Each structure stands twice: as structure tokens, then as C-alpha cells.
Participant: 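Handing you this structure, nothing more for now.
Just so it is clear, the structure is predicted and the values come from calculations on it, not from any experiment. Lettering follows sequence order; numbering is per chain, from 1.
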Amino acid sequence: MEKAFDPSLIEKDLYAQWEAQGCFKPSGTGDPYCIMIPPPNVTGSLHMGHAFNNTIMDALVRYHRMKGHDTLWQVGTDHAGIATQMLVERKLEGQGVSRHDLGRDAFIDKVWDWKAESGGNITGQLRRLGSSVDWSRERFTMDEDLSRAVQEVFVQLHQEGLIYRGKRLVNWDPVLKTAVSDLEVENEEENGHIWHLRYPLSDGSGELVVATTRPETMLGDQAVAVHPEDERYAALVGKTITLPLVGREIPIIADDYVDPEFGTGCVKITPAHDFNDYEMGKRHDLPMLNVLNDDASINVHAPEKYQGMDRFEARKAIVADFEAAGLLVEVKDHRLPVPRGDRSGAVLEPYLTDQWYVAVAELAKPAIEAVENGDIEFVPKQWENTYFAWMRDLQDWCISRQLWWGHRIPAWYDEAGNVYVGRSEAEVRQQNDLGDRVLTQDNDVLDTWFSSALWTFSTLGWPDETPELAKFHPTDVLVTGFDIIFFWVARMIMMTLKFRGEVPFKKVYVHGLVRDGEGKKMSKSKGNVLDPIDLIDGIDLETLVQKRTGNMMQPQMAKKIEKATRKEFPDGIDAFGTDALRFTFAAMASTGRDINFNLERVAGYRNFCNKLWNATRFVLMNVEGADLTQTEELKPSLVDRWIVSRLQAVEAEVERAFANLRLDMAAQAIYEFIWNEYCDWYLELTKPVLNGEASEAEKAATRRTLMAVLEAALRLAHPIMPFITEEIWQTVAPRLAQGGDSISQAPYPQAESGKIDPEADAAVAWLKSTVVAVRTIRGEMNIPPSKKLTVLLNAGDAQDRELATTCETWLKSLAGVAELSWLDGAEAPVSSMGVVGEMEVLVPMAGLIDAEAEIARLSKEVTRLEGDIQRTESKLSNEKFVSKAPAEVVDKEKAKLADAKATLDRLQAQVVKLNTL
RNA sequence: GGGUCCGUAGCUCAGUUGGUUAGAGCGCCACGUUGACAUCGUGGAGGUCGGCAGUUCGAAUCUGCCCGGACCCA
């Protein structure tokens, strides 16, 4: 084995082996266990969120597979309508071609080409993470099978009246020229203005002043509204004003919606360009006049002067014209929420169009109940509140998109504009008896989330009743970030309950977002993005700077980002390997909070991998040539029994952690066991046995225990760090005659209560305390490790005597002790002292220790003990504590007090003695 | 405006039904290269658990208010 662990030498080969051996396919035996991957964008690339998300899923999947479950991790990718279309359009733009130049079919071909070219990127990166997905079952949301499911769902919902077509206001993205759903709108407060405009009464008797943040919409105004009880305007209701610049005569109406306190109490009403105004327009039967084109330029319904102007250009022109006409009262700075598209970043417009909607009220009801009655459980639980709040206030879901890339809506129109919905044009013709009437299919495609809402069952073969569907659905747990609870999780629950009559998953594990070290969201524009692959393979500074500053939307940020990057990573990023990265994510995956990712932590777990690697080298070196398969004639020592006992404890702890989806606790337990118990203590304790005068039976037992515990620890750690554990296991397991091609197929370690050994636990606890007592003196007195000590034991009971005899070799070896003996009533030489229970551990000072320093050291300890004693005494003298606290707690306090007092006495006596020198 | 979460050592975070000497990693200080590992070992320093009240024999943990920060919805 190499002296240091080098992940780059093993990872790729091992993954290829696993895949070739079919390790990730369901075994066909045991209870089913299934996780559905949240399908990443097919043309996307892996970011830290994916890496976190997949680490959690893979750990769970590998754990359950090793536990003997029939485990399926279903993999696949999403066609990501808008995102993918935008990307391909931008690429074409670079060649000077627009999608309209190509036409629909040719453009879609281009997208498929791009998918073929780049679609392997994300799946390759999933492999780099070690994700044990079943690649033989890989699906894509636009596959024929999945498209069939989409169509089926659409048609059935339409038949039941739960999908309908309607003309109403939608959020319109004028850059992408498509409708988007409410969820795709991001409202952010921005600096703007509010304009007060004068609207003259038609009869010339006066004017009203209205306030608006979007003056250009006045071109579509259909009324001015006031509050019905607003006395200032009561007399005007029913009169009309003449709309400036336009000349249209529009009524003054009264409506409760108007807030008389806000502005002047008069509101201009533009039903076709504002959601509130739209509702009011319907109440008052106002005309809906659309004054915008689909790119948000002014259309032909406005006065000619403004036609063709962009909306913001028109805004300026209109304000100028109001001012020129003396109709502008004032302009004020104003903070206002601005709706932007989450993909394009463009300011959205409420826009009157025909769209397809899902009526969600009826679907939401059972979806709420499923969570209320516990069929679906969110972890952590508080997300259920978020879910309920959203589900109880759902608006119908706009599912049509004016894009080309996606599932085309299965609806056809005849020349009279009648709509027919069906699985195909032929079916539509036949069912509606249309003969050879000319039909054209709806041009729109479905929202991407429509197909991903079906993911848990469409990937398993629905609408066919496949064996996989019967076996693996409902799935066990959905692992996801909270950012897509509404987009995806809620919709999956609704659709699955509707079409399967069962929940899509029993649990939803909601994890946090991966942020940068300072807690800021990672984004290209901030230049703080880390690429998980760079953490695995490493990256030099120049390449990293290039990556972060190249191809920026705002090139002016590049300098700043470059500077920050050079400062943060002066030497680039080390190659930490996949296992270290995964261990970091696992260790930080505590109860759903965001994680601030810091590299020091990854480096720490890289070191942990190296520790495990080197411990293995030590073990293998010590068992070279030995037969480890015979288990008779072995004489396990106390410490052999102890480490086996500890192994049971950690196995139980890890099991508990996995059951509660607490990967951080599992990781922590594994880390502590391997490093702090197995390496720091056990390996050190085997040295005097293997290199000393122990019998062959004792040595053989120790060799076997070294290997057996290592082998079990590898299996224990495998779900979190699959590569290094596999690599080592393939060497270790055969030596123990434990077969199998892969650790991923080996059984998960299971605690056996019979192997818990209280006697060994107590003995080693004593040994450790005694060793530490000597080491503390050595450390604090700056005695170099090379200086072997004489140690005297004093006081103590029969058990201390027995343990001192049993543990002598270990004690001497670990504490660097040359001579160990009992004082047996003799006058103690001047010594530095430690106390273990009733026993004094004395290191004679002659030439080694400065009395002053020792007095200071002991005095500090005395002060601490006195504080402890005082606190405990006051507790115990409190009658209420003694009478009300459980006896167990009281006894514990009493024991603590006695112990502290005894120790204090010894230390004080020692201080007195040293002072008399 | 409604809601959620967070505030524990210099930094990043654990702390499961209230009872621990409040922990870990990194960083810091000292000593150290005895053949697993300097990607290391040993020892040490460092916290009135954001603040104030309250419940309780007992509060980092439960309740209320306040301060500070993040996010979601409107």
C-alpha cells in the first residue's frame, strides 16, 4: 500500500467495477427499499446541492442494501423545459441563428442533439460521487414511456374537468415570451418611483389624482375607483373622467378594495394589466383592454404615438407627456416589489392570454390529509406547517408554456376553434367523429414540473401495472431541499394520490442549502461557487479564477471575484477525494439546516481517510503471513475484548442514527470509533502484545481482533465513504475468509449484545485514566516523550492492584514508563501526583519537575475541585432537591461529591508536602 | 403584515424526552520524528450557551418579552 491515501488512484476503477458487476441492481430478495432521485437537468452539471443531496441518498441506499433490503435507487434526468431551451437558444445565437429561423421541428432536433452531446455530463458526475443508482433503469422525462404517462394524466384530468383552458391574467415573461406559474415569480423589493397623475373629469368640473408605479399601464385604464364610504369622492361616483393622452371616457366607480388611506384614495383600474384590477374589472364588468404585445412593447390598442415602444420607453414618454400637459402632480422615490421571472430575470407583466390550468382544490384536499394523518411524514417536522400553509391557499396551476421543448399539449383545434383533447390526433378524430376536418395541435408545451410530478410512478412503468410498480411504490423516502417543496414535492403528492390512490413516498427528508463559508448563497454572479468535482480532483488557482470569472453576466464583477478567489485559495484547492467530500456532507447533515461549507472541514475528513488507510497498513504489516482464519486456541486479551465491546456500541449507535435519518450522528460515531478508539488506543495497545512476550495464542487473538474489527469498521463506514472502504476491504476481507466481490454487497454490521463486555470496558477505562494521569504530568511539566519515567502507585484498593498487574505492560508502553511499582507504605519521594479514583499516581520529581510548577498545577486543580464540591454540597443540602429529584440523580451527586472530596484531600496533602520543601 | 429557522470556544458546528465537569473538528500554545500515519502523536489554553424575566429542586434545553441574523409567504 502507498504511504498516503490517494483517492485518485482508486475511485474511477472501483466505480466501473461496481457498475460492471451489477452491484446497484435490486437484489430481488428482502423487503423492498426505494428512493427516487430528484432528476437533475439533463444538460446541467453537478453543483454542491446535488452533491449534498446525492450523498445523503447514497448513504441511505447503501445502508439499506447492506441490511439486506431489495433496494432500488431509481435514476434519471429532467428535460428542464425553459432552462434547456434557453441554453440551446443562446448557443444558436452565438452562431447568429434564432430558433424561429430553424422552425420548431429543426429546433427540437437541435435540443436533442445537445442532449446527446452533453447529457452524459451530469450522469458522469453522479458516478464520480459514487452514487449507487441502478443505471440499467435510467429514465428521462421525455422518454416515450414517461411521455405516455404525461399524456394519460393530462387526458384523464381533462375528462374529469380538472384541467381546463381559460383566458385570464397570467404572469408573462416578455423575454422568454411565455406564461409562467406563480411559483416561478420572484418578488424582490427594488427602488422605483410613484407618479401622481391628474385625471380630468369629463364634464370639466374638476379632476382626480391617481397614484401609480407603472404609468404606462394608463393606456389600458378602464375606470378610476374610490372607496364607497369615502366622503371626499362620494358625489363623483357615476361620473366619468376623460383619460389623458388617450381620450377615452371611463367611469368613476366605488369598490371596497380601494384603501382610502393610501395615496389620494383614488386608484386607476387597468383590468388587463394588474391582478387586483382584473378582479375589480370582473366585478364591475369593465372591458379588458390589452395594450401590450408579447414582448411587452405597446400594441395597436394604444394611441399611435406609443405603438411599438418598449414598455419602459413608453413609461418615459407618457410621463413626459403628462408633464407637458400640466397633468403630472409629483414624482416620488418609492420601494416596491418587482416581479421577475426566475429563469430570465425579466420583469414580468400580468398578461391576458389563453392558458391551460389544473384545478388544484380537489387534488389538494387528499394531499393535505395524507400529511395530517401521517401517511407522509416530513423530517424535520416543521416543514409540514410550510406545506399546509401553501396547500391551503393554492391557486390553480398554469401548466401551459409557450415553448417548444417539452411535452406538447395533447389538444387539437378545428378551424372553428373547438378544442379536442385526446391521446393522439387519431383518437381525437375518432372519438369526436371529426372525419377529415382540418385539425391543428396546440402549440404549447407543459410546465416541466407537470412531468416530474409523476416521477415516482412514471419511472416504474405506469400506466402499465408493472412488477416494479407493485414492489417499489410507494417509495420509502424522498430526499430534497426545501426550495422545491412547492414546485415538486407537493405536486407529486397530489398527482400520485390522484392516479395511484397511494402516497408517492412515506417520508420527505428535507435538507438545507449548501452555502459558502460565510453563509452566503453560492452563485455564479457572486463568484463564490464551488464545484464538487474540483473538491474531489483539486484545481489550481489560475484555472479556478478562470472558471469563476469567465463567461460572466456582469463582467464588471470579475476583478473583485478574482481578488477574493486569490485571497481565499492562494494555492488553489487540494484534491480531497470523493470520500472526504461525502463524509463532510454527511457530518454536516444535521436536522435540515443550511450548511456553511468550509474547506477546513473537508481537509479534516481527508485526513481521516488517510488515518484509516494508515491504520490498515499497520494492521496488515502486523498480520503478515499469519493465518487469521482459525479461531480456536485464541486468548483474547482484555483490550481485545474491550475494542469488540466498543464496536457493538458504535454499531448500535449508527443503527439508531440511520433510523432517525441523522447522518451527522452516524458519521460522528464512526469517526470517533475509528480514530479515537481503534487508532488512538487499540492499535497502541496491541503494540506491546505483538512485539512483546505474550503467548502465541494471545498474539493470534490480537491479530485476529485487529483485522476483524477493522473489517467491521469498513462495512460500518461504507455507506458514507464507499471508495476507500471498498479498496481496503478487498484486501482485508479475504484474509479473514470473508468472501464476496464487493463490500457493497456485504452485510451491514449488527450489534450483538452478548459481545458487550462490562469487565473489559471498566478495565480499559481504568487503564486509560492511569495513562492519562502520567501523560498529563509529562505534558504539563514538559518532559519529552523520549524520557522514560519511574511511576509509583499508592493507596487504592484491591481492584487497583489487580488492574495494575493485568495492565502493567500496556501502562508502561502507552505512558512511557520504565519502572512501575507500589509504594506499599514506604515514604513517598517528592513527586508530581495524579489521582485515579482512590489511587495516587506518583512521578518522582528528582531532576524532572520544578516544585513551584507542580504546586501551581495542583493548586489549579484544587480550586476547580473546591468549586465542584461547593456546588454539589449546596445541591445536596437543598431539601427540595433531595426530596424531589429522582433517587438516581441524588445518588449520582453523592458519589460525585465523595469522589471529589477524596481527590481533593490527596491533592491538598500533596500541596502541603511540596510547600514544606 | 403572517410564518419558519438560527444566535453555544477565534472559526464551522454537535448537544434526542430538563440532571454532562457544556463537547467535536479546524485554528492557537508547548513538547515530540519510538518503523501505521507530521494528511501524525501527547498535553494545554479558550465558553456567565445573544439579553432579561418566568416555570422548576434543577434550564444551553421549556414559556414569554427584547436584541441581532437568515429565509418563506402576502
Participant: Need the pair for rA24(B). Rule: Watson-Crick or G-U wobble, both distances under 3.5 Å, any strand; none if unpaired.
Facilitator: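 Its partner is rU12(B) (Watson-Crick or G-U wobble, both distances under 3.5 Å).
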Participant: Please pick, from rA36(B), rG19(B), rU39(B), the nucleotide with the shortest atom-to-atom distance to any side-chain atom of Leu683(A).
Facilitator: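 Among rA36(B), rG19(B), rU39(B), the one nearest the side chain of Leu683(A) is rA36(B).
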Participant: What's the closest nucleotide to the side chain of Trp675(A) if the choices are rG41(B), rC73(B), rU21(B)?
Facilitator: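 Selected nucleotide (nearest to the side chain): rG41(B).
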Participant: Between Glu186(A) (CD) and rA74(B) (C1'), how many Å, whole number?
Facilitator: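 Checked: the CD to C1' distance equals 16 Å.
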Participant: Where the side chain of Lys884(A) is concerned, which of rU21(B), rC57(B), rU20(B) is the nearest nucleotide?
Facilitator: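 Among rU21(B), rC57(B), rU20(B), the one nearest the side chain of Lys884(A) is rC57(B).
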Participant: Among rC40(B), rA36(B), rA14(B), which nucleotide sits nearest the side chain of Lys687(A)?
Facilitator: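 Of rC40(B), rA36(B), rA14(B), rA36(B) is nearest to the side chain of Lys687(A).
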Participant: From rU12(B), rC40(B), rA14(B), pick the nucleotide closest to the side chain of Lys611(A)?
Facilitator: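 Looking only at side-chain atoms, Lys611(A) lies closest to rC40(B).
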Participant: Taking for each residue the nucleotide of RNA chain B bearing the nearest heavy atom, is the 5' side occupied by Thr386(A) or by Met588(A)?
Facilitator: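 Final value for this comparison: Met588(A).
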Participant: Report yes or no: is there a donor-acceptor pair, N or O only, under 3.5 Å between the side chain of Arg864(A) and the base of rU21(B)?
Facilitator: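 Indeed there is one.
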Participant: Test for a donor-acceptor pair under 3.5 Å between the base of rA45(B) and the side chain of Glu780(A), counting only N and O atoms.
Facilitator: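 No.
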Participant: Look at the side-chain N and O atoms of Lys875(A) and state whether any lies under 4.0 Å from the OP1 or OP2 oxygen of rG19(B).
Facilitator: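 The answer is no; no side-chain N or O of Lys875(A) sits under 4.0 Å from OP1 or OP2.
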Participant: What is the distance, rounded to the nearest whole Å, between atom CZ of Arg617(A) and atom C1' of rA36(B)?
Facilitator: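 About 6 Å, once rounded to whole Å.
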Participant: Return the value, rounded to whole Å, for the distance between atom CG of Asn187(A) and atom C1' of rA74(B).
Facilitator: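 Asn187(A) atom CG is separated from rA74(B) atom C1' by 9 Å.
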Participant: Relative to the 5' end of RNA chain B, which residue comes earlier, Pro785(A) or Val619(A), by the nucleotide with the nearest heavy atom?
Facilitator: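 Per heavy-atom nearest nucleotide, the more 5' residue is Pro785(A).
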Participant: Quick check for you: among rC57(B), rU12(B), rC31(B), whose closest atom lies nearest to any side-chain atom of Asn878(A)?
Facilitator: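 Nearest nucleotide to the side chain: rC57(B).
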Participant: To the side chain of Ser590(A), which of rC57(B), rA24(B), rC13(B) is closest?
Facilitator: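 Shortest atom-to-atom distance from the side chain points to rC13(B).
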Participant: Can you tell me the pairing partner of rA30(B) across any strand shown, Watson-Crick or G-U wobble, with both distances under 3.5 angstrom?
Facilitator: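 rU42(B) - that is the nucleotide pairing with rA30(B), both distances being under 3.5 Å.
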